[in-house]
Number of protein chains: 2
Amino acid sequence: MHSPHHLDEMLPRKARLHLLVRDGPVPAPSSARKVQCSACHLRRICLPAGLSESELERVDDRLVTSLRKVAHGQTLFRAGDRFNALFQIWTGFFKTVIGSSQGREQVTGFQMAGDLMGVDGIDMGLHSVDAIALEDSQVCVIAYEDIEALGRELPPMQRHLHRIMSREIVNDHAAMLRLGSMFAEERVAAFLLSLSDRLRTRGFSPSSLVLRMRREEIGSYLGLKLETVSRTLSKFQANGLLFVCQRQIQITDPAGLKHVLDGVTA
Amino acid sequence: MHSPHHLDEMLPRKARLHLLVRDGPVPAPSSARKVQCSACHLRRICLPAGLSESELERVDDRLVTSLRKVAHGQTLFRAGDRFNALFQIWTGFFKTVIGSSQGREQVTGFQMAGDLMGVDGIDMGLHSVDAIALEDSQVCVIAYEDIEALGRELPPMQRHLHRIMSREIVNDHAAMLRLGSMFAEERVAAFLLSLSDRLRTRGFSPSSLVLRMRREEIGSYLGLKLETVSRTLSKFQANGLLFVCQRQIQITDPAGLKHVLDGVTA
DNA sequence: CGCGAACTTGAGGCGTGTCAACCCCTGTGG
DNA sequence: CCACAGGGGTTGACACGCCTCAAGTTCGCG
């Protein structure tokens with residue numbers, strides 16, 4: 001039924017921990033005391049295209065004031081915390097969670113390098129979700145006032161922030177479609193394809209994914225129980241769509257995964 | 001079990017069609033050829049607080065270029081349409097729908113007077129949802145370039161737009177919590193309370209609501225089938241929480257409705 | 001080496017979907 | 001003025017997808 005090629009790639013696991021590590025040397029913003037967005041490997045994601053030299057200088061001067069490390073399992077901010085800065089992920093991986101006070105939890109999203117976190121706090125001046133690091137991470141701290149001011153001075157920056165927030169809204173609508181109108185298999189397929197897409201955008205392999213989150217967190221995000229997520233992944237493997245080895249997933253038949261979604265997307 | 005007071009208010013139905021109509025005369029922006037945001041009854045919702053006289057003039061001069069009527073059942077824009085303007089509802093009621101191409105539909109939100117629509121299109125330059133009028137409506141058309149320019153000139157306007165988009169993100173997260181972590185009764189209760197809240201914010205009665213959407217549309221928004229929505233409303237009525245009369249709902253026990261949510265919210 | 005967390009897999013139960021009948025209200029045309 | 005058609009809503013019986021509960025496995029870590 002399924003073709004076992006690439007199966008060798010799945011073992012041994014420890015040897016593949018570097019799968020998602022960048023392949024070139026990384027300019028270290030912390031080394032120079034002042035953060036240099038213009039030299040950052042993520043500038044194509046974090047900054048709008050087509051900024052002039054002088055504009056880039058202004059960004060370097062005023063945008064990122066500091067770098068903050070967040071250890072695996074620690075929170076960057078909690079629901080209810082006072083809002084005054086946005087956070088752009090430099091390295092690492094986060095989840096955002098709502099309603100964690102005591103009852104049920106709902107994961108509202110997973111964020112990776114280049115993603116912006118914290119815009120949920122702009123409206124009320126208070127954060128509305130917990131942001132929790134799923135691995136040791138580093139984030140660029142951007143004072144909200146600074147990005148406001150920069151947006152007024154540089155129209156491309158203004159447009160860029162609008163686009164980021166717009167994209168988050170569109171993503172949330174896609175999440176609502178998953179949660180409201182799809183079967184378990186469709187939700188998991190959509191989740192994997194979305195993750196694969198985001199990895200490709202960042203220059204990583206779209207077929208080799210290392211999940212940074214547990215089954216329970218995937219389930220919360222998709223409105224399923226962890227057992228259902230596990231069963232669904234097993235079924236996909238049985239159908240030859242992918243190989244599962246703990247948190248590493250090798251997509252062998254992306255077209256087949258998309259086919260699971262037929263009838264929903266269009 | 002339930003107390004039948006206010007039952008008389010439910011009949012006859014035709015006599016109550018004016019329930020949600022404003023109680024004062026409405027300044028008509030279309031009468032003066034130029035739209036006057038500064039005189040609009042919705043200015044406390046559409047505009048940031050604390051604008052000076054001269055700033056208000058600038059808003060009047062440059063923000064709203066035209067008014068557009070959308071008949072009941074017609075679309076304001078469709079997914080895939082080119083984006084170039086935002087729409088602020090002046091009168092009426094809309095739903096936004098994703099994935100309507102042919103398969104399943106997911107309602108992503110309901111919008112009423114004062115709500116801004118169309119920000120989903122900023123990112124890709126294309127709208128990602130259909131916006132459909134649930135009753136005869138009128139919307140203020142705001143060219144995106146104009147609101148960008150105004151944001152650069154007037155920091156409160158810039159902040160205002162950011163807050164609106166942030167609020168939409170927070171709302172979407174609440175929707176994800178409903179869809180991913182709640183039982184049918186909890187979803188319906190949360191929906192009614194949210195609607196009640198938005199009506200109060202606009203100065204309407206929070207206990208007398210006239211639903212502008214069908215059961216099927218409520219169900220889509222909540223990830224339920226119309227029969228489940230209907231059954232749940234009937235059960236709430238049997239439990240004395242509210243009275244249902246077609247699309248009119250009288251909330252008689254808001255605390256009881258909130259109690260349905262206990263264990264989820266906190 | 002042994003413990004615990006994360007994951008997998010199976011069996012059975014429950015909440016919601018499915019299907020269908022019926023009612024109400026509205027609009028239309030004879 | 002009434003007959004009729006059609007859309008929206010309600011309610012019931014049954015089916016099914018996912019949840020619940022539980023046992024067993026693998027992996028990581030002290």
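Taking the ring centroids of Phe110(B) and Phe94(B), they lie at or beyond the 6.0 Å cut-off.
For Arg247(A) and dC7(C), the shortest distance from a side-chain N or O to OP1 or OP2 is below 4.0 Å. Remark: Ser234(A) is in phosphate contact with dT9(C), judged by side-chain N or O atoms under 4.0 Å from OP1 or OP2. Residue Thr228(A) places at least one side-chain N or O closer than 4.0 Å to OP1 or OP2 of dC19(D). Taking 4.0 angstrom as the limit, Arg214(B) places a side-chain polar atom (N or O) nearer than this to OP1 or OP2 of dG8(D).
At a cut-off of 3.5 angstrom, the base of dC18(D) holds no donor-acceptor pair with the side chain of Glu185(A). For Glu216(A) and dC7(C), a side-chain-to-base donor-acceptor distance below 3.5 Å is absent, hydrogens and geometry of angles not being considered.
Atom P of nucleotide dG9(D) and atom CE of Met213(B) are separated by 11 Å, given to the nearest angstrom. The CG atom of Leu134(A) sits 12 Å away from the P atom of dA6(C) (whole-angstrom rounding). Going from atom CD1 of Ile218(B) over to atom P of dG8(D) covers 13 Å, rounded to whole Å. Rounded to whole Å, atom P of dT18(C) lies 8 Å from atom CD of Glu227(B). Atom CD1 of Ile249(B) is separated from atom P of dG9(D) by 11 Å (rounded to the nearest Å). When rounded to the nearest whole Å, the span between NZ of Lys225(B) and C1' of dT10(D) equals 17 Å. Across the protein-nucleic acid pair, Glu217(B) atom CD and dG7(D) atom P stand 15 Å apart, rounded to whole Å. Rounded to an integer number of Å, the gap from CE of Met182(A) to C1' of dG17(C) is 18 Å.
The nucleotide whose nearest atom lies closest to any side-chain atom of Val244(A) is, among dT10(D), dT8(C), dC18(D), dT8(C). Residue Ala184(A) has its side chain nearest to dC18(D) when only dC18(D), dC19(D), dT16(C) are considered. With dC27(D), dT9(C), dG17(C) as the choices, the nucleotide that has an atom nearest any side-chain atom of Gln246(A) turns out to be dC27(D). With distances taken from any side-chain atom of Arg231(A) to the nucleotides dA13(D), dT9(C), dG9(D), the minimum falls on dT9(C). Closest to the side chain of Arg215(B), from the set dG9(D), dG17(C), dA6(C), is dG9(D).
Classification of the Trp90(A)-His41(A) ring pair by plane angle, with boundaries at 30° and 60°, yields tilted.
Comparing Val229(A) and Phe183(B) against DNA chain C, the residue whose closest nucleotide sits nearer the 5' end is Val229(A).
Checking side-chain atoms of Gln88(A) against main-chain N and O of Gly114(A) turns up a donor-acceptor pair under 3.5 Å. Without hydrogens or angle criteria, Ser194(A) side chain to Ala190(A) main chain gives no donor-acceptor distance under 3.5 Å. Of the possible polar contacts, one joining the Arg187(A) side chain to the Met182(A) backbone as a donor-acceptor pair under 3.5 Å is found. Checking side-chain atoms of Arg68(A) against main-chain N and O of Leu76(A) turns up a donor-acceptor pair under 3.5 Å.
Within 4.0 Å of Leu224(B), counting heavy atoms only, lie sugar-phosphate atoms of the nucleic acid but no base atom. Residue contacts shown for Gly223(A) are limited to sugar-phosphate atoms, with no base heavy atom under 4.0 Å away.
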